[in-house]
Structures are given as C-alpha cells and as structure tokens.
Amino acid sequence: MNNKFTIKSFQKAKDEGRKISMLTAYDYSMAKILDEAGIDSLLVGDSLGMVVQGHDSTISVTIDDMIYHSKAVTSAAKRALVIVDMPFMSYHTSITEAVHNAGRLMKEGGAHAIKLEGGVEFAEIIRQIVRAQIPVMGHIGLTPQSVHMFGGFKVQGRSLEQAQKIVDDAKALEEAGVFAITLECVPEKLTKVIGKAVNVPIIGIGAGNDCDGQVLVSNDMLGMYSDFSPKFVKQFANLSSGIKEAVETYIKEINDKTFPAKEHTFMIDEEVINKLY
Ligand code: KIV
C-alpha cells in the first residue's frame with residue numbers, strides 16, 4: 001500500500017479534520033528520524049541560514065545551499081512530503097528566473113514541492129510556477145526574508161491595515177493555486193478569519209490552534225538552538241544538554257583511558273606481530 005503523504009493528502013487531512021504535522025529538516029540523519037517517527041511533511045527551510053549556518057537571518061541563503069540540503073533530506077524521506085524553501089532573491093527578479101529556480105529545487109534537489117514567502121505581490125509568479133507543474137506552498141504573516149522591512153521578527157496583523165493585507169494575501173495565494181499556506185506569527189483570531197476566507201489547508205507557526213496543521217523548526221523544538229527563541233516555540237526535548245553531557249563523558253573517558261575499551265578495539269594474531277621488524 002502506498003502511504004506516502006502527498007499534496008493531495010494535505011487537502012484530504014483537512015477535509016477529514018485530521019491535523020497535519022510538519023517539521024524542518026536539513027540533513028539525512030535527522031530527516032530519517034523524523035520520517036520514521038511519522039511526521040507528515042518535512043520542510044527544508046531557509047531557516048538553515050540561522051540554525052545550520054549561524055547567520056542572524058535567512059537572507060544570505062542561496063539556491064545552491066537549498067539544493068544541497070534538499071538532496072540529503074529527500075534521500076531519507078520514505079513517507080513524508082518534502083517541501084523546500086525558495087531563498088531570498090531566487091524568485092523576486094523575474095518569472096523566468098523564479099520558474100527556473102523552482103525547477104532546480106525539483107530536478108537537482110529532489111523536492112516534492114516548494115515554498116515561497118509573500119502574498120498578493122507574488123501571486124503571478126506562483127501561478128507560473130504552478131503552471132510548470134511544481135506544487136507551491138505559500139507563506140504569509142511574518143515572512144522572515146522581509147525581516148528588515150518589518151524592523152525585526154515581530155507579530156504581524158495586529159492593526160486593521162496589516163490584518164486586511166494578510167487576509168488578502170491568503171485569498172490571492174489560493175487563487176494562484178497554492179496547495180497550502182504557512183501562516184506565521186499572527187494573532188489566533190486572525191487565523192480563524194483566514195481559515196474561513198480560504199479552503200486550502202493552513203499550517204501555522206505561532207498562529208494558534210485554529211490551523212489545519214502546525215510546523216516548527218526542529219532545532220527549536222528539540223532544544224538545540226538557543227540564539228533566538230520566539231514565544232511560539234515549545235521545547236519538546238532538551239537535546240543540547242543531553243549532547244553536552246555525552247561529550248563531557250567522552251572527553252573524560254579519553255583522558256582516563258576507559259574509551260576505547262576492548263569491544264571497540266581490533267585484534268591481530270600475536271604471531272603476525274612477532275614477525276614484524
Ligand atoms: O524556514 C523555515 O524554517 C520556515 C518555517 C519557519 C516555517 O519557513
């Protein structure tokens with residue numbers, strides 16, 4: 001039986017009232033663990049600019065970075081739908097360049113779908129990418145690539161003007177053909193309005209409970225990234241303290257010579273050793 005999660009599964013899950021789970025992944029080992037745990041969708045997010053590359057925003061991430069990480073994640077994903085972010089300036093300058101770069105994520109990166117940030121202003125670009133048979137997920141609300149326009153990573157949609165813009169963005173994305181929308185960092189009452197305004201599944205991050213699914217940056221929810229922790233992140237584990245403890249024990253065992261032990265060591269016949277000169 002084919003139990004792969006596809007873009008059709010997004011709509012089916014919404015129609016059946018089953019919540020969609022999504023997490024970011026950037027490498028093979030982590031993607032394999034998340035896929036085996038039963039996650040519906042893996043996002044190769046451009047958040048890798050912060051949590052993998054150590055920058056203070058996602059702006060410097062390139063299309064080649066995304067392809068590199070996408071290859072690793074798609075190699076691991078047996079069931080999850082792999083969605084890959086289009087980085088800053090990879091879809092902004094022309095429709096031709098946008099379609100070309102979305103195509104590279106699919107052909108070279110093995111992506112099953114792509115995600116891009118922006119609403120009304122990007123509707124035509126999205127329409128053309130979808131026309132090229134590339135499934136697109138939209139991303140509105142707090143769009144991290146626009147951090148300098150927003151003046152920081154801030155909740156969006158609290159004023160009437162902003163809130164109306166986000167509702168208009170959601171409608172424009174649906175009309176352009178997205179299969180789902182990521183809605184980031186908006187008040188939960190606004191999420192409810194948007195959920196009524198469009199039929200496509202809404203995947204929230206900091207958008208409250210009235211969404212069709214949730215997404216988080218895995219490094220945040222696993223307690224592996226402490227440089228910046230938004231209010232909407234819940235830490236489901238504290239892996240950094242587990243890793244630190246393991247590394248301290250490793251250093252100690254190297255020093256007191258309890259590692260490597262017999263079971264980690266290769267043997268050779270004494271006869272061979274004795275014949276060496
Ligand atoms: O890049 C990313 O990880 C994202 C999530 C925050 C949704 O876009």
Side-chain angles (χ1 to χ4, degrees), residues 10 19-27 30-31 34 39-63 65-70 72-73 77 80-91 102 105 109 111-119 122 126 135-147 150 152-156 166 169-170 173 178-186 191 194 200-208 211-222 224-225 227-236:
F10 267 72
K19 298 282 186 185
I20 299 158
S21 59
M22 186 164 156
L23 278 173
T24 63
Y26 316 104
D27 67 70
M30 182 62 85
L34 304 180
I39 201 79
D40 293 325
S41 182
L42 291 170
L43 171 66
V44 185
D46 62 352
S47 50
L48 68 86
M50 297 173 79
V51 302
V52 177
Q53 297 175 336
H55 302 301
D56 60 6
S57 81
T58 59
I59 285 170
S60 58
V61 176
T62 66
I63 194 84
D65 291 337
M66 297 311 297
I67 290 169
Y68 175 89
H69 289 278
S70 179
V73 171
L81 181 84
V82 180
I83 303 170
V84 182
D85 262 341
M86 294 201 69
F88 185 57
M89 280 300 141
S90 67
Y91 57 97
L105 294 180
H112 305 145
I114 62 102
K115 171 165 87 57
L116 61 83
E117 297 180 8
F122 290 92
I126 291 171
V136 178
M137 176 182 232
H139 184 159
I140 53 174
L142 172 60
T143 46
Q145 291 170 14
S146 308
V147 60
F150 293 145
F153 295 106
K154 293 177 179 164
V155 181
Q156 300 297 306
I166 298 172
D169 284 341
L173 292 186
V178 299
F179 70 89
I181 295 173
T182 296
L183 181 59
E184 180 164 355
C185 215
V186 299
T191 302
I194 293 169
V200 289
I202 303 288
I203 309 301
I205 172 164
C211 300
D212 303 299
Q214 297 290 330
V215 57
L216 280 177
V217 171
S218 26
N219 298 52
D220 288 341
M221 62 86 80
L222 293 173
M224 292 171 72
Y225 180 74
D227 290 5
F228 175 66
S229 188
K231 172 187 161 98
F232 58 72
V233 170
K234 175 174 174 181
Q235 254 190 32
F236 288 81

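From a predicted model like this one, the values you see are computed outputs, not experimental measurements. Remember, it's 1-based here, ligands and their atoms both numbered in the order they're listed. Heavy atoms only: backbone and side chains are in, while hydrogens, waters and symmetry mates are out.
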Nearest protein heavy atom with distance in Å, relative to atom 2 (C) of ligand 1: Ser47 OG, 3.3 Å
Would you check if there is a donor-acceptor pair between the side chains of [Y] and [X] at a distance under 3.5 Å?
X      : Y      : answer
Ser70  : Tyr68  : no
Thr24  : Ser218 : yes
Gln145 : Asp46  : yes

Mode of Asp85 contact toward ligand 1 - side chain, backbone, both, neither (heavy atoms, under 4.0 Å):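 The side chain, only.
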Asp46, portion touching ligand 1 at heavy-atom distance under 4.0 Å: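 The answer is both, backbone and side chain.
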Sidechain-backbone polar pair: Thr143 side chain, Glu117 backbone, donor-acceptor under 3.5 Å: no
Rounded distance [0.5 Å steps], CG in Asp40 versus CG in Leu23: 10.0 Å
Just jot down the ligand 1 atoms closer than 4.0 angstrom to any heavy atom of [X], in number order.
X      : result
His139 : 8 (O)
Lys115 : 4 (C), 8 (O)
Ile205 : 6 (C)
Thr24  : 3 (O)
Gly45  : 1 (O), 2 (C), 3 (O)

Within-shell test, Met22 vs ligand 1, heavy atom, strictly < 4.0 Å: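 No, that is not the case, since the closest heavy atom of the residue is not under 4.0 Å from the ligand.
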Residue pair Lys115, Thr182: steps toward the side chain to side chain contact (heavy atoms under 4.5 Å, CB included) verdict: CA-CA 9 Å; Lys115 171 165 87 57; Thr182 296; 3.5 Å; yes
CZ/Phe232: more than 12 non-hydrogen atoms of other groups inside 6.0 Å: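 Atom CZ in Phe232 is crowded, with more than 12 foreign heavy atoms closer than 6.0 Å.
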Shortest reach to atom 7 (C) of ligand 1 by a heavy atom, considering only Leu142, Leu23, Leu43, Thr143: Leu43
